[in-house]
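One structure is given here, and the rest of the page talks about it.
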Amino acid sequence: VQLQASGGGLVQAGGYLTLSCAATGRTFSNSTMGWFRQAPGKERELVAIITSRGRYTNLADSVKGRFTISRDNAKNTMYLQMNSLKPEDTAVYSCAAGSWNRLFNSEADYWGQGTLVTVSS
């Protein structure tokens with residue numbers, strides 16, 4: 001599986017962005033997927049995770065109520081809808097594929113290149 005994240009950019013606090021993660025390969029629809037972010041000087045953080053059919057999701061406490069993770073297996077694409085953005089959401093966001101447990105341990109079978117999200121105050 002090859003992954004490519006897109007949709008980042010510069011937005012004012014309170015604004016919104018939608019990130020996309022496009023996947024190639026046959027195993028996307030069988031893979032649990034996750035969004036990670038890494039801010040300068042900070043460790044990588046799991047932001048959101050979704051199972052292969054989208055039945056189960058989990059969001060980090062810091063983004064609950066503001067972010068939504070979803071996927072469209074027909075399009076081999078995963079999304080992260082980010083609302084009410086805060087300056088502390090500024091980071092490089094990356095998508096990844098792997099098992100639920102591995103993703104929770106910040107491990108993955110496949111990583112995509114990141115996309116930068118900058119939230120100005």
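Model, not experiment: these values are computed from the prediction.
Note that the OH atom of Tyr110 and the CG atom of Leu3 stand 9.0 Å from one another [nearest 0.5 Å]. Atom CG in Asp72 sits 12.5 Å away from atom CE in Met78 (nearest 0.5 Å). With rounding to the nearest 0.5 Å, the separation of CD in Gln113 from SG in Cys95 is 10.0 Å. Atom OG of Ser52 is separated from atom CG of Asn30 by 6.5 Å, given to the nearest 0.5 angstrom. Distance check, rounded to the nearest 0.5 Å: CG of Leu19 to OG1 of Thr115 gives 6.0 Å. Distance OG/Ser20 to CZ/Arg71: 13.5 Å, rounded to 0.5 Å.
Criterion: ILVMFWY side-chain heavy atoms under 4.5 Å apart, direct or through other members. Under it, Phe28 and Phe36 are not part of a common hydrophobic cluster. Placement of Phe67 and Tyr79 in two distinct hydrophobic clusters is found when ILVMFWY residues are connected by side-chain heavy-atom separations under 4.5 Å, directly or transitively. Placement of Trp35 and Ile49 in two distinct hydrophobic clusters is found when ILVMFWY residues are connected by side-chain heavy-atom separations under 4.5 Å, directly or transitively.
Two residues are said to be in side-chain contact when any heavy atoms from C-beta on lie closer than 4.5 Å; Met82 and Tyr93 meet this criterion. Between Arg37 and Ser62 the shortest side-chain heavy-atom distance falls below 4.5 Å. The side-chain heavy atoms of Glu107 and Asn101, taken from C-beta on, include no pair separated by under 4.5 Å. Between Ser70 and Gln81 there is no side-chain heavy-atom pair separated by less than 4.5 Å.
Contact between Val1 and Ala23 at its shortest, heavy atoms only, is CG1-CB, 4.1 Å. Scanning both residues, Gly114 and Ser94, for their nearest heavy atoms gives CA-OG, 3.5 Å. Of all heavy-atom pairs between Asp89 and Ser84, the closest is OD2-O, 4.4 Å. Considering every non-hydrogen atom in both Leu59 and Ala48, the closest pair reads CD2-CB, 3.3 Å. Residues Thr32 and Thr51 share a closest heavy-atom pair of OG1-CA, 3.9 Å.
In this structure, a donor-acceptor pair under 3.5 Å is absent between the side chains of Gln12 and Ser120.
Not one N or O on the side chain of Ser31 forms a donor-acceptor pair closer than 3.5 Å with the backbone of Ser29. Thr90 contributes a side-chain N or O that, together with a main-chain N or O of Val119, makes up a donor-acceptor pair within less than 3.5 Å.
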Item to check | Candidate pair Val63 and Glu45, rule side chain to side chain contact (heavy atoms under 4.5 Å, CB included), full reasoning | outcome: CA-CA 11 Å; Val63 305; Glu45 172 191 19; 5.9 Å; no

Item to check | Residues Ile50, Trp100; criterion side chain to side chain contact (heavy atoms under 4.5 Å, CB included); working and verdict | outcome: CA-CA 8 Å; Ile50 186 167; Trp100 184 276; over 6 Å; no

Next on the checklist: Pair Leu17, Leu85 - check side chain to side chain contact (heavy atoms under 4.5 Å, CB included), show working.
Outcome noted: CA-CA 8 Å; Leu17 283 173; Leu85 283 163; 4.2 Å; yes

Next on the checklist: Go through it in stages, so that I can follow the logic: the residues are Leu80 and Thr18, the test is side chain to side chain contact (heavy atoms under 4.5 Å, CB included), and I'd like the CA-CA distance, side-chain angles, deciding distance and then a yes or no.
Outcome noted: CA-CA 6 Å; Leu80 186 68; Thr18 300; over 6 Å; no

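With a 6.0 Å cutoff to the six-membered ring centre and a 45° limit on the axis angle, Arg44 counts as a cation-pi contact of Trp111. Because its NZ or CZ atom is not both nearer than 6.0 Å to the ring centre of Tyr16 and within 45° of the ring axis, Arg66 does not count as a cation-pi partner of that residue.
Applying the 6.0 Å contact sphere to CD of Gln2 captures no more than 12 heavy atoms from other residues, nucleotides or ligands. The number of heavy-atom neighbours closer than 6.0 Å to OH of Tyr56, taken from other residues, nucleotides and ligands shown, is 12 or below.
Taking a cutoff of 4.0 Å between a charged side-chain nitrogen and a carboxylate oxygen, Lys64 and Asp61 qualify as a salt bridge.
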